Amino acid sequence: MDSATFRAHGHRLIDWIADYFDHPERYPVLARVKPGDLRAALPPRAPEQGEPFERILDDFERLIMPGVTHWNQPGFFAYFPCSACEPAVLAELLAAALNQQAMLWRTSPAATELEEVALGWLRDLMGLPSSFEGVIYDTASVSTLHALAAARERAIPGLREHGLTGSNRSPLRLYCSEHSHSSVEKAAMLLGFGHRGVRKIECDAECRMKPDRLGEAIEDDRAAGVTPVAVVATVGTTSTTSIDPVPQLADICVKQRVWLHVDAAYAGPAAILPEQRSVLAGCDRADSLVVNPHKWLFIPIDLSAFYTPHMEVVRQAFSLTPEYLKTSGGDVRNLMDTGIQLGRRFRALKLWMVLRHYGAAGIRDLLAGHLELAARFAGWVDDLSDFERVAPVPLSVVCFRARPKAGEWTPESLDTLNERLIDAVNATGEVFMSHTKLDGR
C-alpha cells in the first residue's frame with residue numbers, strides 16, 4: 001500500500017473511530033447474531049488475488065460489526081468494563097506502526113526503558129514501595145502464573161535443573177479464598193500443583209479470607225507432610241470486590257515463610273485516590289502484586305502490570321539465553337528474562353500516554369466519579385422494596401437481585417426469577433449485566 005492510499009484509509013479509519021466514540025449507543029451492547037453467522041458469511045478460503053481496501057473496510061462494517069459486543073457502550077455493566085480512551089487507541093496505532101520487539105534492550109531501548117518508567121509512575125501513584133520492580137504482561141492470569149512460578153522456584157531448590165519429579169518431594173500447596181479468581185487454579189494446573197494442590201480458605205460474611213483459617217490450614221498441611229508454597233490474597237474479588245485482610249495474611253506468610261501474591265487486578269487503581277489508599281494496606285509486604293490498567297485505567301485490552309521486590313527470583317525461574325540472543329556490555333535489563341514470552345509488544349506506550357493525558361488529578365476525578373455512581377446505584381437498590389443488595393459496595397461494583405415482596409418464594413424459585421430477569425434485560429440490547437452466585441444463590 002503506497003503512502004497516499006495509506007493516508008486516505010487512515011483518515012477514514014480515524015473518522016470512523018471518532019464517530020464510534022461519539023455515539024456508541026447506536027449499537028446494541030450484545031451482538032445480535034447467532035453462533036456460526038460470521039463463519040457462514042465468509043468464504044472458506046483466503047482470496048487468490050488481493051482486494052481493494054475500500055471493500056475490506058466495507059465488509060468490516062457489514063460483516064464484522066454485527067458480531068461485536070460493545071465494551072465501550074455506556075450500557076455495558078458486565079464483568080469489569082475496560083472502556084478504551086482515545087489517547088490509548090492512538091498509542092496502539094503508533095505501537096503497531098513502530099512494530100517493536102522488546103525482547104532485548106538493544107532490540108528496543110525505548111520500549112524497554114519506557115516500561116520501567118511508566119510502571120514506576122503507576123507504582124508511585126498507588127503508594128507502593130520503590131523496591132517493587134515492574135514488568136508488563138498481557139492479563140492478570142499470566143501475571144499470577146508468573147508469580148506462582150517464582151514462588152515455586154523459591155520454595156523448591158534445584159527445581160530449574162531437576163523438575164518436579166527430580167526427587168521424591170512432598171505434595172505442594174497453594175492457598176486462596178473461595179472467591180479468588182479462577183486464574184489461580186489454572187496456574188496450579190500448569191505449574192504441576194494440580195487441582196488438589198489448591199486449598200480454598202473459608203471467608204467471612206463480607207467474602208474476605210479468614211486469617212485464622214489460613215494459619216490453621218498451613219499448620220495442618222505441614223504436619224501432614226505437605227509443602228506450603230504460596231498464598232493468593234485478593235483486593236477486589238471478581239464477584240463482590242471484597243478485600244482480603246492483607247496485613248494479617250502477610251503476618252502469617254512471613255511467619256510460615258510462604259510467598260504472598262496479591263491479586264489487585266481490578267481494585268488496585270482505587271489506591272490512586274488518597275481516601276482509598278487503604279485498599280492496598282499491607283500490600284507493601286507482598287512478594288508480588290498484579291494490577292490491570294485495562295480494567296480501571298481506560299487502557300484497551302491488554303495490559304497487566306506485575307510488581308515484585310523479588311524480580312531476581314522471577315528471572316531465575318524464566319531466564320534462558322541462547323547464543324543468538326547473547327549480548328555484552330552495559331547495565332541493561334532484558335524483558336525476555338522476566339517471563340515465558342520472548343516477543344513483547346510496546347504496551348508501555350499506551351500506559352505512558354494515558355497517564356500523561358489525564359494526569360494524576362484527572363485520573364483521581366474519574367475514579368472518584370465511578371465510586372460515586374456505584375454508591376448512588378446501591379442507594380437506589382436499597383430504596384426498592386422488590387430488590388435487595390447482597391454484598392457491601394466498597395468500590396464500583398453492586399451485587400443485587402430481585403426479591404419481590406408479593407408471592408411465595410423458595411430459594412429455587414427466586415434463582416429462576418433472577419435468571420429469567422437478567423436474560424430478559426440483556427435481550428433488550430440496551431444494557432449488558434453479568435451474574436454470579438453468592439452462598440449458592
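Since we're looking at a predicted model, the values are computed, not measured. Each residue takes its place number in the sequence, starting with 1.
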Output, in order, the C-alpha distance, side-chain angles, deciding distance and verdict of side-chain contact (heavy atoms from CB on, under 4.5 Å) for Trp71 and Ile301. CA-CA 11 Å; Trp71 289 66; Ile301 289 284; over 6 Å; no
Run the side-chain contact (heavy atoms from CB on, under 4.5 Å) test on Arg154 and Asp287 for me, step by step, so that the C-alpha distance in whole Å, both residues' side-chain angles and the decisive distance to 0.1 Å come before the verdict. CA-CA 11 Å; Arg154 191 170 74 174; Asp287 295 291; 3.6 Å; yes
In sequence, state the C-alpha distance, the side-chain angles, and the governing distance for Leu325 and Leu342, and then conclude on side-chain contact (heavy atoms from CB on, under 4.5 Å). CA-CA 10 Å; Leu325 293 178; Leu342 180 60; 3.8 Å; yes
Applying side-chain contact (heavy atoms from CB on, under 4.5 Å) to Val254 and Leu260, what does each step give before you reach the verdict? CA-CA 9 Å; Val254 170; Leu260 175 61; over 6 Å; no
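The line from CG of Leu421 to NE2 of His435 is 13.0 Å long, rounded to the nearest 0.5 Å. In this structure, NE2 on His179 lies 6.5 Å from OG on Ser242, to the nearest 0.5 angstrom. For the atom pair Leu273 CG and Leu125 CG, the distance stands at 10.5 Å (nearest 0.5 Å). With rounding to the nearest 0.5 Å, the separation of CE in Met209 from CD in Glu202 is 12.0 Å. Rounded to the nearest 0.5 angstrom, Leu355 CG and Ile272 CD1 are separated by 7.5 Å. A distance of 4.5 Å separates CG of Leu395 from OH of Tyr266, quoted to the nearest 0.5 Å.
The nearest pair of heavy atoms linking Thr237 to Phe80 is O-CZ, 4.0 Å. Nearest heavy-atom pair, Leu119 versus Ala305, reported as atom, atom and distance to 0.1 Å: CD2-CB, 3.5 Å. Nearest heavy-atom pair, Thr69 versus Ala31, reported as atom, atom and distance to 0.1 Å: OG1-N, 3.9 Å. When every heavy atom of Tyr175 is checked against every heavy atom of Ile201, the shortest pair comes out as CD2-CD1, 4.2 Å. The shortest non-hydrogen separation linking Leu297 to Val354 is O-CG1, 3.7 Å. The two residues Val246 and Cys283 make their nearest non-hydrogen contact at CG1-N, 3.9 Å.
Side chain of Gln73 to backbone of Tyr27: a donor-acceptor contact under 3.5 angstrom is found. Remark: side-chain polar atoms of Glu412 are not paired, donor with acceptor, to backbone N or O of Thr410 under 3.5 angstrom. In this structure, Ser434 contributes its side chain and Tyr79 its backbone to a donor-acceptor pair below 3.5 Å. The closest donor-acceptor contact from the side chain of Lys350 to the backbone of Pro300 lies under 3.5 Å. Of the possible donor and acceptor atoms, none in the side chain of Thr144 sits under 3.5 Å from a partner among the backbone N and O of Ser141. Looking only at distances, no side-chain donor or acceptor of Arg401 sits under 3.5 Å from a matching main-chain atom of Val390. Side chain of Glu206 to backbone of Arg208: no donor-acceptor contact under 3.5 angstrom is found. Put simply, the side chain of Arg123 gets close to the backbone of Phe132: a donor and an acceptor are under 3.5 Å apart. Between the side chain of Arg344 and the backbone N or O of Thr112, no donor-acceptor pair lies under 3.5 Å. Checking side-chain atoms of Asp263 against main-chain N and O of Thr234 turns up no donor-acceptor pair under 3.5 Å.
Here the side chains of Leu164 and Leu172 are in contact, with some heavy-atom distance below 4.5 Å. Contact check for Val229 versus Leu174: side-chain heavy atoms found under the 4.5 Å cut-off. Side chains of Cys85 and Tyr358 form a contact here, defined as non-hydrogen atoms less than 4.5 Å apart. For the pair Val89 and Phe21, the minimum side-chain heavy-atom distance is below 4.5 Å. Two residues are said to be in side-chain contact when any heavy atoms from C-beta on lie closer than 4.5 Å; Asn72 and Tyr20 meet this criterion. Counting heavy atoms from C-beta outward, Glu388 and Leu414 have side chains that stay 4.5 Å or more apart. Side-chain contact between Pro293 and Pro269 is absent, with no heavy atoms from C-beta onward closer than 4.5 Å. Looking at Met65 and His70, their side chains come closer than 4.5 Å, going by heavy atoms from C-beta outward.
Glu312 CD: more than 12 foreign heavy atoms inside a 6.0 Å radius. Within a 6.0 Å radius of CZ in Arg420, other residues, nucleotides and ligands contribute 12 heavy atoms or fewer. Summarising the local packing, CZ of Arg356 is surrounded by 12 or fewer heavy atoms from other residues, nucleotides or ligands at distances under 6.0 Å. Annotation for Asp423: atom CG counts as buried by contact number, over 12 foreign heavy atoms lying within 6.0 Å. Within 6.0 Å of atom CD in Glu161, 12 or fewer heavy atoms from other residues, nucleotides or ligands are found, so the atom counts as exposed in its surroundings.
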Can you give each donor-acceptor pair under 3.5 Å made by side-chain atoms of residues 359-371, sequence neighbours left out, with the distance rounded to 0.1 Å?
unit_1, atom_1, unit_2, atom_2, d
His370, ND1, Trp296, NE1, 2.9

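The side chain to side chain contact (heavy atoms under 4.5 Å, CB included) test applied to Lys405 returns Ser385, Asp386, not counting sequence neighbours. Applying the side chain to side chain donor-acceptor pair (under 3.5 Å) test to Ser183 and every residue at least two apart in sequence or in another chain returns His181.
Tested against Asp244, the residues Leu249, Val235, Asp204, Leu214 include a single side chain to side chain contact (heavy atoms under 4.5 Å, CB included) partner, Leu249.
Salt-bridge formation is detected for the pair Lys326/Glu323: a Lys NZ or Arg NE/NH1/NH2 atom is positioned less than 4.0 Å from an Asp or Glu carboxylate oxygen. With respect to the salt-bridge test (charged N to carboxylate O, under 4.0 angstrom), the residues Lys200 and Glu178 do not qualify. Salt-bridge formation is not detected for the pair Glu115/Arg333: no Lys NZ or Arg NE/NH1/NH2 atom is positioned less than 4.0 Å from an Asp or Glu carboxylate oxygen.
Two rings, from Phe306 and His146, have their centers 6.0 Å or more apart.
Under the ring-ring contact (aromatic ring centres under 6.0 Å, His included) criterion, no residue pair touches residues 83-111, with sequence neighbours excluded. The side-chain hydrogen bond (donor to acceptor under 3.5 Å, both in side chains) contacts involving residues 300-309 comprise Ser143-Ser304, Asn292-Ser304, Asp302-Arg345, Asp302-Arg347, where partners must be two or more places apart or lie in separate chains. Listed by first and then second residue, the ring-ring contact (aromatic ring centres under 6.0 Å, His included) pairs that reach into residues 225-262 are Trp259-His310, sequence neighbours excluded.
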